[in-house]
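Since the model is a prediction, treat every value here as computed from it, not as a measurement.
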Amino acid sequence: MTWIVQNLWLVPALPTVAAGIGALARRRNRVLAASLAIGSMSVSFLLSVVAFAHVLSLGNRGLATRQVVDFRWFQFGNQWLKLGWMLDPLTAVMLVMVTFVGLLIFIYSVGYMEHDENFTRFFCFLALFAGAMLGVVLSNSLLLLFMCWELVGLTSYLLIGFWYHKPEAAAAAKKAFIVTRIGDLGFFLGMAWLYAQSGTLLFYDNGAGCLEHAALAVLVVHVTAVGMAASTGIALLIFCGAAGKSGQVPLHVWLPDAMEGPTPVSALIHAATMVAAGVFLIARVYPLMSAHAGPGLGLTPTTALIVVTWVGAITAVFAALIAIAQYDIKRILAYSTISQLGYMMMGLGVGGVAVGMFHLITHAFFKSLLFLGAGSVIHGCNGEQDIRKMGGLRKFMPITFLAYAVGMLALCGFPLFFSGFWSKDAILHAASTWSVSRTPYYLGAFGALLTAFYMTRQVYYVFAGASRLDASTAASAHASSHATATPHESPAIMTIPLTILAAFAMLLGFVGTPAWPWFQSFLQDRGVALHLAAFSEPGLLPVMLSSSLIVLLGLALGWWFYGRKPIASAEAPDSFGRLQPHAFSILGHAFYVDALYRATLLRLNAAWSRICDWLDRWVWNGAVQTVSYTVLAFAWLDNLVDTKVVNAGFDEGCETVSRSGQVLALLQGGRVQSYLRMIGVALVALAVFLLWGATR
């Protein structure tokens, strides 16, 4: 086993150590905190590249590309609980993506957070998050993955609520933490059930792992009381955790509110890494998700994959509809992220790991580009986030505009030249041939139309026309004291990462085209060659053509509503909103899902809390008080008996003995003549007694 495999633990350990040192640094040590975070992430990126190259070389030589390192953690009874890490194509790809995109975001953050007084603490949290996420990626144990998973949840709470002095940020952090914990409860139950059935939580362990054939064969034949295979039940419970982390319906409500955190947090957590962890989890446990008994393994979708597909397809359209009616630049991207995560889940369900993960990787680049571009816009507009109050930024921020346009076209799936086109079309093509139903394909196509429409709307609002920025409303936690109403381009430390991400957003798709599916072949550990005839695969060209027309139609509709006439003022009503005011209001309120939760689940929880409070105050506390007063009564009675009976009797006996002792003491005076008198009296008494007895 090579050095890189043995020391792969250094990849998450370095940012974690940097976070620990940063936590001890003083607030003024800004350079130290940023240097530690960026430096550790740079070394982790280099190690990830070495690991990627190692896996690639193994595959080229026809050797096994999966290597694991397991170690004993602690013993209970006669069993050892083992943890470990793993290097395989899926791990290698994710390590490179997380460290590279994370490094660019770290560098960008130096400029974006320059004026924040808690700069040092911010980089401490960023580094800790990166270490936790990298731990999720390389774990060979579901238990170790769960530990790092929960650390990711903790650091996301800290970063979303970083500006805790804002009530909205504090509330968003708590909401994100609680909602994702609901999903994690299902994840934990599934993990416990998996351990009970297989006796291990190691993924791969020389044939004895929970994702290997022996364990899966047991899981698929074990049927529960409701007629469901254990493998299906466990897979669905694990999917609950993935749905919470990846913002799938109905656990999506935390992600839009999480935009209250700094924009680099949105880019790192809610575009490239944390929200993608749920998709990665499903990809990692895919052997369990797709396991079923009988012949035709992998040809017939399992119940778990069917659920994943439908949830993903519904989420993709649901979130895209809501994005149409939003005005916060980051909130639009947040709903777009939810929608794209739905595409990824659908891709996993209908096409497998390679299809879903290809969109995850391309999305990580173009969505982090869009979030960082939005951060550049917010920075240039002195903290303003309402797109109605922007406009005309193309001439003030040309670099940001070009980078943002690339990200927007990649997200829309503009034909041929942008990565999103190839990864999205791979999902749509797999959905079009799904044996269960074609409905997910139609939902995905409709979602693509909506994506092109709302992103065109956003670009026209932000970059076209004349500036509508009002200096009196431009304020934020990080705005400088010299803020003016004139927008300005961001510094190079922010625009250079944008440029790099834009290049990847364009070029990355070419590693997964049907003619040269290098990415898919790499994940599936098989050879690849340029094969132009692949475009003749049945159904492929019609899907590509139809999806291209759909995207162009969405762009055209966006231009029709928002590009034909410049937006006059910030108070002007939305063009689509004028056409359908009632529908626009429903979409603007996100289908009132939050209101529904407040009226049902939260109200029920509040009512149950009041019931619990009443029970605690009057029932349980009453029972405790009754027991307490009973004990006190017994204590008083015991004291009474002890004082008045036991002590009184004992004291009287002591007095009698004392008086007797005093009387006897008189007889022990120490005088010989007294003793002689007593002897004489005794002799006289004895003589009288004897004489009296003789006379009778």
Any donor-acceptor N or O pair under 3.5 Å, side chains [X], [Y]:
{"X": "Tyr562", "Y": "Thr456", "value": "no"}
{"X": "Glu489", "Y": "Thr495", "value": "no"}
{"X": "Tyr461", "Y": "Asp574", "value": "yes"}
{"X": "Thr362", "Y": "Ser419", "value": "no"}
{"X": "Tyr335", "Y": "Gln340", "value": "no"}

Closest approach of [X] to [Y] (non-hydrogen atoms, all atoms of both residues):
{"X": "Arg457", "Y": "Ala325", "answer": "NH2-C, 4.2 Å"}
{"X": "Val308", "Y": "Met289", "answer": "CG2-CE, 3.6 Å"}
{"X": "Val136", "Y": "Trp149", "answer": "CG2-N, 3.6 Å"}
{"X": "Leu369", "Y": "Ala505", "answer": "CD2-CB, 4.2 Å"}
{"X": "Ala452", "Y": "Leu555", "answer": "CB-N, 3.8 Å"}
{"X": "Ile338", "Y": "His252", "answer": "CD1-O, 3.9 Å"}

Side chain [X], main chain [Y], donor-acceptor under 3.5 Å:
{"X": "Ser109", "Y": "Ile105", "value": "yes"}
{"X": "Gln580", "Y": "Phe576", "value": "no"}
{"X": "Arg284", "Y": "Leu90", "value": "no"}
{"X": "Tyr343", "Y": "Ala448", "value": "yes"}
{"X": "Thr180", "Y": "Lys245", "value": "no"}
{"X": "Trp254", "Y": "Ala173", "value": "no"}
{"X": "Ser246", "Y": "Gly278", "value": "yes"}

Do Phe122 and Phe162 pass the ring-ring contact (aromatic ring centres under 6.0 Å, His included) test, and can you show the C-alpha distance, the side-chain angles, and the key distance before you say yes or no? CA-CA 7 Å; Phe122 181 76; Phe162 182 75; 5.2 Å; yes
What verdict does the side chain to side chain contact (heavy atoms under 4.5 Å, CB included) test give for Phe100 and Ser48, after you've listed the backbone C-alpha separation in whole Å, the side-chain angles of each residue and the deciding distance to 0.1 Å? CA-CA 9 Å; Phe100 182 62; Ser48 300; over 6 Å; no
Checking [X] against [Y]: charged group under 6.0 Å from the ring centre and within 45 degrees of the axis?
{"X": "Arg438", "Y": "Trp434", "result": "no"}
{"X": "Arg388", "Y": "Tyr460", "result": "no"}
{"X": "Arg394", "Y": "Phe463", "result": "no"}

Quick check: are there more than 12 heavy atoms from other residues, nucleotides or ligands sitting under 6.0 Å from [atom1] of [X]?
{"X": "Tyr592", "atom1": "OH", "result": "yes"}
{"X": "Tyr157", "atom1": "OH", "result": "no"}
{"X": "Trp518", "atom1": "CH2", "result": "yes"}
{"X": "Phe417", "atom1": "CZ", "result": "no"}

Lys/Arg N to Asp/Glu carboxylate O, Glu260 vs Lys330, below 4.0 Å: no
Taking 4.0 angstrom as the limit, do Arg331 and Asp257 come out as a salt bridge? yes
Tell me if the centroids of the rings in Phe453 and Phe561 come within less than 6.0 Å of each other. yes
Under the criterion ring-ring contact (aromatic ring centres under 6.0 Å, His included), I'd like the reasoning laid out for His429 against Tyr441: C-alpha separation, chi angles, the key distance, then a yes or no. CA-CA 8 Å; His429 180 247; Tyr441 166 73; 9.4 Å; no
Phe371 vs Leu268, side chain to side chain contact (heavy atoms under 4.5 Å, CB included): CA-CA, chis, key distance, verdict: CA-CA 9 Å; Phe371 268 113; Leu268 181 66; over 6 Å; no
Check each of Gln458, Lys367, His363 against Ser336 using the side chain to side chain contact (heavy atoms under 4.5 Å, CB included) test, and report the only one that passes. Lys367
Which label fits Phe504 and Phe365: parallel for a plane angle under 30°, tilted from 30 to 60°, or perpendicular past 60°? parallel
Is the ring pair Tyr112/His379 parallel, tilted or perpendicular, if the boundaries are 30 and 60 degrees? tilted
Residues in salt bridge (charged side-chain N to carboxylate O under 4.0 Å, His left out) with Asp328, at least two apart? none
